[in-house]
Amino acid sequence: VGCGICVNKCPFDAIMIIGLPEALTEPTHRYGPNGFALYGLPTPQVGRVTGILGPNGIGKSTSVQILSGALVPNFGGENGDWEKVLEHYSGTAMHDYFKDVIDGKIKVSQKPQYVDMIPKAFNGKTIDLLEGTDERGALDDLIERLDLAPIIDRNIGDLSGGELQRVAIAACAARDADFYFFDEISPYLDIYQRINSSQIIQELSAEKAVLVVEHDLAILDMLSDVVQVAYGVPAGYGVVTHPKGVRVAINQYLKGYLPEENVRIRPDAITFEVHPPRVESDIATLVDYNAFSKKYGETFSLETDSGSLKEGEVIGIVGPNGIGKSTFVKILAGEIEPDEGELDIDVSISYKPQYIKGDNPMQVQMFLRSITRRFDTSYYQAEVIKPLNLEPLFEKMLSELSGGELQRVAIAACLSRDADLYILDEPSAHLDVEQRSLATKAIKRFAENNGKTAMVVDHDIYMIDMLSERLIVFEGKPAVYGKAHPPSSMQDGMNKFLSDLDITFRRDEDTSRPRVNKPGSRLDREQKAQGEYYYRL
Ligand code: ADP
Ligand code: ADP
Ligand code: MG
């Protein structure tokens with residue numbers, strides 16, 4: 001850790017954990033004398049998707065306000081002035097961009113981050129909302145490709161999160177704008193829908209400038225043409241780097257160090273292991289569960305194979321939305337009863353549901369203390385409180401937490417209970433990219449250090465890859481029927497899951513992280529021919 005004086009070049013080779021850009025340059029914008037300061041800016045460009053990689057609270061919305069002309073950057077001074085902005089950027093592409101902004105030639109279309117808010121702003125039928133955005137005659141195509149036909153006559157207030165997200169993506173893309181900003185596309189969507197939306201956005205970028213913030217790294221990787229890393233101290237200051245190559249930017253981010261900027265953004269690297277298969281006979285079985293089935297009226301039915309869970313392993317659970325994953329884990333957790341099949345599980349289970357309620361009138365610290373007696377131990381502080389960054393939330397009421405804050409508390413609460421089996425349904429939801437990696441580590445270390453078994457349902461391939469030793473794959477027809485396969489090796493499970501999706505992954509040579517192969521590329525064709533969708537042997 002450096003002293004903060006020589007941010008760029010330290011004579012002692014110490015590296016800053018997060019540089020102090022104030023010492024270097026003036027900010028692009030600062031809200032008041034001690035307010036949040038933004039350094040640098042995203043640089044949208046026609047013909048490419050610019051991905052932004054970084055935590056929330058780092059100045060994304062501020063940037064987009066500047067890029068849309070709604071906020072005049074003040075370079076740390078009192079009032080912004082467009083003349084000064086042009087002067088500041090003279091000789092760069094941003095000069096011409098801001099000239100167009102000032103001349104009113106830049107029209108911006110934005111997809112908001114929190115789609116749950118849409119019903120509060122719009123009251124009426126889905127089709128009425130969508131028709132109001134149909135400025136380039138692309139709406140019919142978007143409705144078809146985003147599978148919105150079945151819901152266009154429903155009220156916006158009755159839509160699920162995943163439906164709202166797809167409506168919001170369609171509405172943003174349907175407008176005729178110069179600059180499109182998608183503030184996250186993946187929340188509530190399964191991997192099929194994430195890939196589908198990515199393709200739509202890429203096509204849009206052929207003739208337009210597109211900026212995307214995305215916390216699912218596999219999706220950011222396949223979607224972006226360049227990536228700008230955003231780092232800093234949330235609510236304190238944010239720095240947006242120059243555009244970098246996508247692979248380079250994500251690898252630098254994972255390693256926690258940006259060489260061009262000479263800034264360390266995290267004390268240690270996020271690492272991927274290419275899991276060596278464990279020798280099955282070495283590991284004791286925690287529990288065997290029987291096959292069971294469940295029907296919801298005449299609409300949906302779930303069938304499962306029997307399976308067994310080993311001691312100390314993490315099992316990933318993957319499949320599309322509406323296929324019965326949550327129903328499956330709720331039955332294992334004893335929250336609901338199966339119709340057929342005796343479960344007969346005699347282990348204790350701690351369960352984090354997919355949809356978490358924050359209606360408890362209690363402070364976060366009191367809540368966690370009511371669950372665990374180990375709260376004051378250094379173990380609990382180091383393994384739960386710190387990685388989930390809960391300390392700033394201690395005094396807050398559960399009812400006033402944001403989605404991401406509530407998720408972190410819910411993960412902590414799940415890991416705080418004494419149990420043999422821990423089940424977490426979609427822990428990555430509402431978390432930004434940094435929080436996801438910390439949560440992943442917390443869950444993995446918890447299982448490893450305590451020899452506990454965990455099951456994790458998630459759509460984030462990076463999280464599933466880092467966590468899981470084995471995989472349960474669901475298949476079927478969403479909202480109609482679902483089938484849960486028994487736990488299989490990561491290799492067999494991923495090959496099954498990805499062959500249904502018709503995409504292949506390779507491993508990055510540098511970091512071993514999984515990367516989506518370009519459809520039809522040599523690797524893609526070779527791996528499909530050999531049935532190696534995920535692992536190349
Ligand atoms: P992000 O979109 O990355 O989550 P924002 O750009 O919305 O971040 O906000 C960055 C920081 O700037 C936050 O700490 C926020 O409180 C602060 N901020 C945003 N708008 C204003 C404003 N109008 N006045 C003062 N501070 C603001
Ligand atoms: P997943 O977790 O894979 O998205 P779920 O298990 O939540 O799937 O749901 C599977 C299907 O069952 C969905 O079509 C869902 O709408 C339906 N469903 C879930 N819970 C109920 C319920 N209590 N009553 C009726 N239908 C339900
Ligand atoms: Mg679910």
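Counting starts at 1 for both ligands and their atoms, following the listed order. Worth knowing before you read on, the calculation uses all heavy atoms, side chains too, and leaves out hydrogens, waters and symmetry mates.
Ring-plane geometry between Tyr31 and His29 is classed as perpendicular, the angle between the planes exceeding 60 degrees on a 0 to 90 degree scale with a lower cut at 30. Between Tyr237 and Tyr39, the ring planes lie perpendicular to each other; the angle is over 60°, past the 30° to 60° tilted range.
For Thr299, the heavy-atom gap to ligand 2 stays at 4.0 angstrom or more. At least one heavy atom of Pro320 sits closer than 4.0 Å to an atom of ligand 2.
A donor-acceptor contact closer than 3.5 angstrom links the side chains of Asn321 and His459. Tyr188 and Glu426 are not linked by any side-chain donor-acceptor pair at a separation below 3.5 angstrom, with hydrogens and angles left out of the test.
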Show your reasoning for whether side-chain contact (heavy atoms from CB on, under 4.5 Å) applies to Met494 and Ile461. CA-CA 10 Å; Met494 274 297 191; Ile461 289 287; 3.9 Å; yes

Open item on the list: side-chain contact (heavy atoms from CB on, under 4.5 Å), that's the test. Do Tyr462 and Ile270 meet it? Break it down for me.
Closed with: CA-CA 11 Å; Tyr462 280 33; Ile270 299 168; over 6 Å; no

Point to revise | Derivation of the ring-ring contact (aromatic ring centres under 6.0 Å, His included) call for Tyr422 and Phe446 | key: CA-CA 10 Å; Tyr422 293 80; Phe446 179 84; 4.9 Å; yes

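Between the choices Ala235, Pro234, Ser63, Ser61, the shortest heavy-atom distance to atom 7 (O) of ligand 1 belongs to Ser61. Closest heavy-atom approach to atom 4 (O) of ligand 2 within the set Ser326, Gly297, Gly322, Gly319: this belongs to Gly322.
The Mg ion (ligand 3) lies at 2.8 Å or more from every N, O or S atom belonging to Asn321. For a distance bound of 2.8 Å, the N, O or S atoms of Gln354 include one lying that close to the Mg ion (ligand 3).
Looking at atom 15 (C) of ligand 1, its nearest protein heavy atom turns out to be Phe36 CB, 5.0 Å. Counting protein heavy atoms only, atom 18 (N) of ligand 1 is closest to Tyr31 CE1, 3.3 Å. For atom 6 (O) of ligand 2, the nearest protein heavy atom (residue, atom name, distance) is Thr327 OG1, 2.5 Å. Scanning the protein for heavy atoms near atom 14 (O) of ligand 2, the closest one is Ala479 CA, 3.2 Å. If you check which protein heavy atom lies closest to atom 27 (C) of ligand 2, you get Tyr296 CD1, 3.3 Å.
Which parts of ligand 1 touch Thr62 is read off a 4.0 Å heavy-atom cut-off, strictly below it: atoms 5 (P), 6 (O), 9 (O). Within ligand 2, the atoms closer than 4.0 Å to a non-hydrogen atom of Lys325 are 1 (P), 2 (O), 3 (O), 4 (O), 6 (O), 8 (O), numbered from 1 in the order shown. Listed by atom number, the atoms of ligand 2 under 4.0 Å from Ile323 heavy atoms are 1 (P), 3 (O), 8 (O). Less than 4.0 angstrom separates some heavy atom of Asn321 from each of these atoms of ligand 2: 4 (O).
Of the N or O atoms in Gly59, one or more lie within a sub-3.5 Å distance of an N or O in ligand 1. For ligand 1, the polar-atom distance check finds no N/O of Pro55 at less than 3.5 Å from any of the ligand's N/O atoms.
Of all heavy-atom pairs spanning Lys125 and Asp153, the tightest one is CE-O, 3.0 Å.
Taken to the nearest 0.5 Å, the CD atom of Glu337 stands 14.0 Å off from the NZ atom of Lys330.
Checked against the 6.0 Å centroid threshold, Phe474 and Phe328 count as a close aromatic pair.
A salt bridge links Lys496 to Glu475: one of the charged nitrogens lies within less than 4.0 Å of a carboxylate oxygen.
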